[in-house]
2 protein chains.
Amino acid sequence: MNSERIRSNPKNLNLEDIARKAGVSRSTVSRVINNEPYVSQRTREKVMAVVQQENYAPNPAARTLVTRRTRVIGVVIPTSIQLVFEDSAYFPALLQGVVDVTNTRDYATLLWWGNSEADEQTLYNRILQQNRLMDGLILASIRTDDALIAHLMRMKVPFVTVERPTTYHSEISYVTVDNVEAAENAVKHFIDIGRRRIATITGALNNPDGQDRLLGYRLALEKAGMPVDEALIADGQFRYQTGYEMTKGQLLPLNPDAIFAASDVMAHGAIQAIHEAGLRVPEDIAVIGFDDLPTAMQSKPTLSTVHLPVHERGFVAASILLDLIEGKTQETRQVILPTELVIRESCGTHLRPVSK
Amino acid sequence: MNSERIRSNPKNLNLEDIARKAGVSRSTVSRVINNEPYVSQRTREKVMAVVQQENYAPNPAARTLVTRRTRVIGVVIPTSIQLVFEDSAYFPALLQGVVDVTNTRDYATLLWWGNSEADEQTLYNRILQQNRLMDGLILASIRTDDALIAHLMRMKVPFVTVERPTTYHSEISYVTVDNVEAAENAVKHFIDIGRRRIATITGALNNPDGQDRLLGYRLALEKAGMPVDEALIADGQFRYQTGYEMTKGQLLPLNPDAIFAASDVMAHGAIQAIHEAGLRVPEDIAVIGFDDLPTAMQSKPTLSTVHLPVHERGFVAASILLDLIEGKTQETRQVILPTELVIRESCGTHLRPVSK
DNA sequence: CATCAGCGTGAGAGCGCTCCCAGATTCAGG
DNA sequence: CCTGAATCTGGGAGCGCTCTCACGCTGATG
């Protein structure tokens, strides 16, 4: 046990008590606590000694009441359990990026996580009602035309989204990745290694990420002068099950030689369907996913995929938010982080080398 | 947009303002807001009308200052990033269970998540300093002999742990599963279907979960009158990579016909090593994992494993904590949730039916 | 020696709420 | 009609802090 290294304040003393014990006024203790100037070195040390000895910590509620600052930020994840559960690495990584910042800059992180889409409205109401609990918000997977965002802007609550905004482009701060370019690079890689019947399984198309990844697929084919066959585009909704079903029912009968899936879990579903049909990956059909989840390295064959800087996304979003809150930045900021195509076994690069 | 359904309080009115507009006193508005008796129906409606119209929400800091309640609970996850990242489904599921409760009972959830083991002490200090921010805590993966727990008890902060405690058995509340029995059942199943050289890959043995699962393995063999060969026990630390390496380097040369892994990710690592050695799962070596992650259903062969009620664990822990906070329960509570052996392809049950 | 800027300290007000107490009103029962 | 209990309402204190202001002190400057 290392009790002596931990501070706590069992007696719940207040500023007044500390002042009395140190023989100074409440104001002076406040100045010392907040590291303000105009306190003599002698007094400062005297007060600090008492503070240490009594394990005094100021009451956050009293502080907030007058400063109107809480040193707490909120992270809003309205997503229902299904998506979170399958793509379970995304939110932990994002949150880890956020807490990396809040831990070092001494903020606390309040988690607003929905349990079902039906309750989304209830969650938003609670967040708005309790907005004085937080100095600012990070919004994950929230449509920018959502009423929540309009309210936050009106109430002047600082916030940063980690989604490509569909409106307010320069009025709100966001951190995202170039999904179009990332998808384009993946499909271009298929073309470069000689694949010709390239199919895609899209994500949910009401989602900017889903839309952009499909756009990248189209652009890559067009730029290569190849026709876009709409039949080779299957709607997969980001999910394992639909990835499997769409491959089995829609794509395999059309004999594709490559599949670009807009998420890793759909890619794994596709591979499962391909194997069940007695075909090989990547020899018969090459596959590239999107996300680079830990499972990409663990599957057989290992999955080629687009690596997303998820941790960095949370990190940058939190950094921007705190700068906004602390007034270090006045203007909104828009950040687009780079992605990387990670080549593993499933895309068949080792079979037919890039033709330059 | 559905702005009209969302409430917000842009003008930041206070009780006094509402009272003036409603033509009553501050006290009366307070009674209405808090749904207290001794307010006439007429007055109540008059006040509610103004509250609705102005989208008034009470200031939580002011409220907390006098009630000493925050309606916020904290969830502490000191675990470093590596473990979280591989076994990434565990904490989201646990958190989801917690927020299911906090959402319906109108509490907010503060996330204390460490970024490295080195900073664990710093994190604990921050939690203790800021303890007045929360009404209680849920502690995940924290050793019960940790100094943090001693401090919380001394400060009379209500808390519930989701780990088998190593001390204070009846003094603290916890929610856990019977790891010993679960592991015993898994190994017993191997024995029942005729496997005789049963190996195990253990979790981290400084962890109660890891210890108990190994104990269950030993008990199953002993009860069946089979010898425990220490060479067939490999230390896997819960991780994919070590699961793979231990199987390849230590276990395969000993020709086991079954492997019980103390986590799914290790089981997947083991299967990978078995396949690379040109052997088949489950024909040559049967495998059972532990956790029942979503990936268990997606691998090939699908993974037999012990299903853990992780969501329920968070749910029950949060329920107990809120009961404790609200005084609905005085005493601590200890809950052991049931596990379930989920039979899929990797354990070979379909090959050699249970011999009764 | 008077003046004044700058440092160091303390007193008082007030953030927005809850809670206690006192007073007003209503109404049943003798 | 009076009494006392129950119901309703308002005023005041106070939770623990920050922030503004005023005041005393020091030492440099003209």
Side-chain angles (χ1 to χ4, degrees), chain A residues 9-48 50-51 54-72 129-135 155 326-327, chain B residues 9-48 50-51 54-72 129-135 326:
Chain A
N9 179 14
K11 295 167 228 156
N12 276 348
L13 297 181
N14 61 23
L15 261 194
E16 200 81 48
D17 300 324
I18 302 299
R20 201 176 318 112
K21 283 180 196 277
V24 296
S25 76
R26 206 184 41 214
S27 308
T28 301
V29 179
S30 176
R31 286 191 192 94
V32 174
I33 293 288
N34 294 295
N35 222 356
E36 284 172 12
Y38 300 129
V39 178
S40 71
Q41 193 56 30
R42 269 198 56 220
T43 313
R44 195 177 294 271
E45 280 163 9
K46 192 169 57 182
V47 172
M48 280 310 290
V50 178
V51 167
E54 304 291 339
N55 282 331
Y56 170 75
N59 183 318
R63 219 171 213 188
T64 297
L65 189 55
V66 28
T67 60
R68 284 151 198 289
R69 282 286 163 75
T70 60
R71 294 197 80 82
V72 174
Q129 290 265 332
Q130 303 270 55
N131 81 81
R132 299 238 234 3
L133 226 54
M134 303 161 284
D135 292 338
M155 298 163 75
E326 293 172 358
Chain B
N9 179 17
K11 295 167 233 159
N12 276 346
L13 298 180
N14 62 22
L15 260 193
E16 199 82 49
D17 300 323
I18 302 298
R20 201 175 318 114
K21 283 180 196 278
V24 296
S25 76
R26 205 185 41 212
S27 307
T28 301
V29 179
S30 176
R31 286 192 193 93
V32 174
I33 293 287
N34 294 296
N35 223 358
E36 284 172 12
Y38 299 129
V39 179
S40 71
Q41 193 57 30
R42 270 198 54 222
T43 312
R44 196 177 293 272
E45 281 163 9
K46 195 169 57 182
V47 171
M48 279 311 289
V50 178
V51 167
E54 304 291 340
N55 283 330
Y56 169 74
N59 183 318
R63 218 172 213 186
T64 296
L65 188 56
V66 28
T67 61
R68 284 150 196 290
R69 283 287 163 75
T70 60
R71 294 198 79 82
V72 174
Q129 289 267 330
Q130 303 271 53
N131 81 80
R132 299 240 235 0
L133 226 53
M134 302 161 285
D135 292 339
E326 293 171 359

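Basis for what follows: all heavy atoms, side chains included, without hydrogens, waters or symmetry-related copies. Residue numbers begin at 1 in each chain, while the letters A, B, ... track the order of the sequences.
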Distance-only donor-acceptor hits, side chain of residues 35-42 of chain A, under 3.5 Å, sequence neighbours excluded:
residue: Ser40(A); atom: OG; partner: Thr43(A); partner atom: N; Å: 3.3
residue: Ser40(A); atom: OG; partner: Thr43(A); partner atom: OG1; Å: 2.7
residue: Gln41(A); atom: NE2; partner: Glu45(A); partner atom: OE2; Å: 3.2

Review point. How bent is the helix from dC1(C)-dG30(D) to dG30(C)-dC1(D), comparing axes over its five end pairs at each side, to the nearest 10°?
Key: 50°

Exercise for review: Mind checking salt bridge (Lys or Arg N to Asp or Glu O under 4.0 Å) for Arg31(B) and listing every partner two or more places apart, or none if nothing turns up?
Suggested key: none

Exercise for review: Can you sort out the partners of Arg63(A) under side chain to side chain donor-acceptor pair (under 3.5 Å), two or more places apart, ordered by chain and number?
Suggested key: Asn34(A)

Review point. Side chain to side chain donor-acceptor pair (under 3.5 Å) with Asn59(A): which residues, sequence neighbours excluded?
Key: none

Exercise for review: Evaluate the side chain to side chain contact (heavy atoms under 4.5 Å, CB included) criterion for residues Val47(B) and Val24(B): first the C-alpha distance (whole Å), next the side-chain angles of each, then the deciding distance (0.1 Å), finally the verdict.
Suggested key: CA-CA 8 Å; Val47(B) 171; Val24(B) 296; 3.9 Å; yes

Exercise for review: Could you list the residues that satisfy side chain to side chain donor-acceptor pair (under 3.5 Å) with Thr64(B), not counting sequence neighbours?
Suggested key: none

**Study point:** Which residues share a side chain to side chain contact (heavy atoms under 4.5 Å, CB included) with Arg68(A), sequence neighbours left out
**Key:** none

Practice item. Mind checking side chain to side chain donor-acceptor pair (under 3.5 Å) for Arg44(A) and listing every partner two or more places apart, or none if nothing turns up? Key: none

Review point. Under the salt bridge (Lys or Arg N to Asp or Glu O under 4.0 Å) test, which residues partner Arg20(A), sequence neighbours left out?
Key: Asp17(A)

Check your understanding: Once each nucleotide of nucleotides 12-22 of chain C is scored for protein heavy atoms under 4.0 Å, what B/S/- sequence comes out, 5' to 3'?
Key -> BB-BBBBB---

Review point. Checking all strands, does Thr43(B) fall into the base, sugar-phosphate, or nothing category for heavy-atom contacts under 4.0 angstrom?
Key: sugar-phosphate

Review point. Can you list the residues that meet the salt bridge (Lys or Arg N to Asp or Glu O under 4.0 Å) rule with Lys21(A), with sequence neighbours excluded?
Key: Glu54(A)

Using nucleotides 5-7 of chain D, report all nitrogen or oxygen pairs with the protein that are shorter than 3.5 Å.
none

Review point. Is the phosphate of dG10(D), meaning OP1 or OP2, less than 4.0 Å from a side-chain N or O of Thr28(B)?
Key: yes

